[in-house]
Amino acid sequence: PESRYVMEDVPYGLVLTVILGRLLNCPARLHESGITILSAMYGRDFLVENELLQGLALIGEDDLNVNAYSLQEWKEMACLGYFRER
């Protein structure tokens, strides 16, 4: 059965945690494993289903693009609430 906790929390919560972990060289291996298992269970690719992260170029066609922004740009975004245009 579809559950909001899976359908929303995996692509919008776990995937972001994985991106931040990779960016900081602190992989969230259990989160990544959970995404893989749940994707297989539901027959979906939760890794690339987050439209917000796609809009920020943090998700490519089939994988994460953690180098889309530097750590400094993430810090600025945390203060400003948006990424500066390049």
Side-chain angles (χ1 to χ4, degrees):
E2 291 190 7
S3 166
R4 177 184 72 80
Y5 297 107
V6 174
M7 307 309 281
E8 294 177 14
D9 291 354
V10 174
Y12 292 92
L14 294 181
V15 172
L16 181 58
T17 301
V18 168
I19 288 173
L20 294 174
R22 287 186 185 182
L23 182 67
L24 297 171
N25 288 329
C26 184
R29 291 184 184 94
L30 293 177
H31 290 73
E32 289 191 50
S33 298
I35 294 167
T36 301
I37 290 168
L38 290 165
S39 291
M41 287 175 59
Y42 281 79
R44 300 170 72 147
D45 189 357
F46 286 116
L47 197 61
V48 297
E49 286 191 11
N50 185 322
E51 297 89 7
L52 300 173
L53 298 178
Q54 288 175 1
L56 293 171
L58 292 171
I59 297 178
E61 285 187 26
D62 58 357
D63 199 9
L64 302 178
N65 181 17
V66 296
N67 297 319
Y69 298 96
S70 69
L71 185 54
Q72 182 59 38
E73 288 173 308
W74 276 99
K75 289 178 182 178
E76 271 187 11
M77 189 277 296
C79 293
L80 297 172
Y82 60 91
F83 286 109
R84 292 182 194 263
E85 284 192 45
R86 295 179 175 173

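The first residue of the sequence shown is numbered 1, and numbering continues consecutively from there. When reading the values below, keep in mind they use all heavy atoms of this one structure, side chains included, and skip hydrogens, waters and symmetry mates. Values in this document were obtained by computation on a predicted structure and should not be read as measured data.
- Listed by chain and residue number, Val10, His31, Ile35 satisfy the side-chain contact (heavy atoms from CB on, under 4.5 Å) test with Leu14 (two or more places apart in sequence, or in another chain).
- Not a single salt bridge (Lys or Arg N to Asp or Glu O under 4.0 Å) links Glu51 to another residue, sequence neighbours left out.
- Residues satisfying the salt bridge (Lys or Arg N to Asp or Glu O under 4.0 Å) criterion with Arg22, sequence neighbours excluded, are Glu32, Asp63.
- Between Ala28 and Val18, the closest heavy-atom pair is O-CG2, 4.2 Å.
- When hydrophobic clusters are built by joining Ile, Leu, Val, Met, Phe, Trp and Tyr residues whose side-chain heavy atoms come closer than 4.5 Å, directly or via intermediates, Phe83 is grouped together with Val15.
- Tyr82 and Leu23 sit in two unconnected hydrophobic clusters of ILVMFWY residues. Membership requires side-chain heavy atoms under 4.5 Å apart, directly or through other members.
- In terms of the side-chain contact (heavy atoms from CB on, under 4.5 Å) criterion, residue partners of Leu20 (sequence neighbours excluded) are, by chain and number, Leu16, Trp74.
- Ser70 pairs by the side-chain contact (heavy atoms from CB on, under 4.5 Å) definition with Gln72, Glu73, not counting sequence neighbours.
- Connection of Leu38 to Leu30 is not established within any shared hydrophobic cluster, with ILVMFWY side chains joined at heavy-atom distances below 4.5 Å, either directly or through further cluster members.
- Leu52 meets the side-chain contact (heavy atoms from CB on, under 4.5 Å) test with Tyr12, Asn50; sequence neighbours excluded.
- With Ile19 as reference, Leu58 is the one residue of Leu47, Leu58, Leu24 to meet the side-chain contact (heavy atoms from CB on, under 4.5 Å) rule.
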Intermediate values then yes/no, side-chain contact (heavy atoms from CB on, under 4.5 Å), Arg44 and Met7: CA-CA 10 Å; Arg44 300 170 72 147; Met7 307 309 281; 2.2 Å; yes

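- Cluster partners of Tyr5 are absent, since no Ile, Leu, Val, Met, Phe, Trp or Tyr has side-chain heavy atoms less than 4.5 Å from it.
- Scored by the side chain to side chain donor-acceptor pair (under 3.5 Å) test, Glu8 finds no partners at all (sequence neighbours excluded).
- Put simply, the side chain of Arg84 does not reach to within 4.5 Å of the side chain of Met77, judged on heavy atoms.
- Here the straight-line distance linking atom CD of Glu49 with atom CG of Asp45 works out to 7.0 Å at 0.5 Å rounding.
- Heavy atoms only, all atoms of each residue included: Ala57 and Ala68 are closest at O-CB, 3.3 Å.
- Arg29 is linked by a salt bridge (Lys or Arg N to Asp or Glu O under 4.0 Å) to nothing, counting only residues two or more places apart in sequence or in another chain.
- For Val6 against Phe46, the heavy-atom pair with the smallest separation is CG1-CZ, 3.9 Å.
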